[in-house]
Amino acid sequence: MLTETDKTGLAPIVGSAPHVGVIGYTLGGGLSPLLGRKLGYAADHVRWMEVVTADEAVREVTPERLPDLFWTPLGGKGNFGVVTRMEFDVFPFPRFYGGGLWFRGELMLRVLEACRAAVPALGADTMTAFSVHRLPDVAALPQPLRGAFVLHVRRGHLGDSTTGARTAAPLRAAATPVFDTLAERPFGELREIHRDPVHAMPLVETGFARREFSAGTLGRPMELTGPGSRRSMKTVEARALGGAVDREPARPNSVSSSGVPYMTFAVGSGSPAQLRTMAEFARAYAGGLTPWRAFGRGACAWLTCGA
């Protein structure tokens, strides 16, 4: 899809892994690492869908025609019918400034303090997230990242490189990155913000909303994921929301995470034995941050463990 939209200078609301199927992504809500704070969720911009229901009927649904069947799958995923087609809006954003800054894990508290201080000043044109990684020692990774424990700050800005670099300046002032890919890019390079894996794999994950990211809330995540932790998960991420993802969409849907300021995820993959260990960490991570959980329009929390 991005290959085609790039030709027109238009951008769809796609996620951190743009190779994911558009219908499944949109039915899950569709949080973009670049367009979310500016435009909201992908589900907010669906015009119509073709839905095959359990009685084998094929129905074209819109906010006006069968509004309940339009509202429910957009956020309810595939539980209410099979969506075979949909039409959605695209937007005139041909380029962006973004990528990532990787810092040594031993410096993560210093960088997280800078992230925390910077988030309230970010406008709707800028999305940010940070992720703690224990990376494998493989040739596919750049040399500074092989086998490293790092904090990866992910940044996407809908503007030029000068303005984008200004939003990242507090992070570079906090510590020197070991790897830096922030640059002005065509929209089709959206994947460079998160660099998610492109191959299917068994995994364990947990995710939920957080109501704050303050100085007083950094201690417990540092215990669970910081340099002194013995965590088994390969990736633990927190993502700042706000802006348009907090607004009620013009076309109603059932996305449950609207109205929350942060989301956090923990994801790992590996052998069956490794997955069992990661599942234990996922439960400990979810339990450890219980005091700071938040809820939007619905009970936005899930836990998935297993292959």
Side-chain angles (χ1 to χ4, degrees), residues 1-2 4-5 12-33 35-36 39-90 190-191 194 196-209 235 237 239 241 244-245 248-260 263-269 275 279 282 286 295-307:
M1 178 175 65
L2 288 182
E4 296 304 313
T5 54
I13 300 181
V14 296
S16 57
H19 58 280
V20 170
V22 62
I23 288 180
Y25 162 77
T26 305
L27 296 184
L31 178 61
S32 171
L35 297 176
L39 297 170
Y41 290 95
D44 298 347
H45 299 279
V46 174
R47 297 182 177 187
W48 60 265
M49 297 181 291
E50 183 180 81
V51 182
V52 182
T53 51
D55 59 358
E56 301 182 3
V58 179
R59 294 178 166 87
E60 185 175 298
V61 300
T62 70
E64 296 76 31
R65 184 190 307 134
L66 299 174
D68 288 346
L69 190 56
F70 181 86
W71 180 89
T72 307
L74 291 171
K77 301 187 178 181
N79 296 314
F80 303 94
V82 178
V83 177
T84 53
R85 292 191 298 162
M86 65 171 52
E87 181 180 281
F88 49 85
D89 301 323
V90 292
L190 181 78
R191 181 180 174 271
H194 278 243
D196 286 340
V198 297
H199 302 294
M201 62 186 74
L203 61 83
V204 166
E205 68 172 352
T206 185
F208 48 90
T235 300
E237 176 183 339
R239 191 177 302 187
L241 304 184
V245 296
E248 289 286 339
R251 302 171 191 141
N253 59 58
S254 62
V255 177
S256 62
S257 53
S258 294
V260 300
M263 294 292 294
T264 186
F265 315 88
V267 181
S269 63
L275 290 175
F295 298 92
R297 293 198 303 243
C300 181
W302 68 92
L303 175 64
T304 304
C305 298

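We number each residue from 1, following the sequence as shown.
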Distance in Å, [X] [atom1] paired with [Y] [atom2], rounded so as to fall on 0.5 Å steps:
| X | Y | atom1 | atom2 | answer |
| --- | --- | --- | --- | --- |
| H19 | L2 | NE2 | CG | 11.5 Å |
| F80 | L27 | CZ | CG | 11.0 Å |
| E50 | R85 | CD | CZ | 4.5 Å |
| K77 | S254 | NZ | OG | 10.5 Å |
| F70 | M86 | CZ | CE | 8.5 Å |
| L39 | D89 | CG | CG | 9.5 Å |

How about [X] and [Y]: do any of their side-chain heavy atoms sit closer than 4.5 Å?
| X | Y | value |
| --- | --- | --- |
| M49 | T26 | no |
| R251 | L74 | no |
| E237 | V267 | no |
| V61 | W71 | no |
| V260 | L241 | yes |
| Y41 | N253 | no |

Which heavy atom in [X] sits nearest to a heavy atom in [Y], and how many Å separate them?
| X | Y | answer |
| --- | --- | --- |
| P18 | L190 | CG-CD2, 4.2 Å |
| G268 | L275 | O-CD2, 4.0 Å |
| G36 | A244 | O-CB, 3.7 Å |
| T5 | P12 | OG1-CD, 3.6 Å |
| P33 | G15 | CD-C, 3.5 Å |
| D196 | R191 | O-NH2, 2.8 Å |

Run the side-chain contact (heavy atoms from CB on, under 4.5 Å) check on T84 and V52 step by step: do they pass? CA-CA 7 Å; T84 53; V52 182; 4.0 Å; yes
Candidate pair R65 and W48, rule side-chain contact (heavy atoms from CB on, under 4.5 Å), full reasoning: CA-CA 9 Å; R65 184 190 307 134; W48 60 265; over 6 Å; no
Who pairs with A54 by side chain to side chain contact (heavy atoms under 4.5 Å, CB included), at least two apart in sequence or on another chain? none
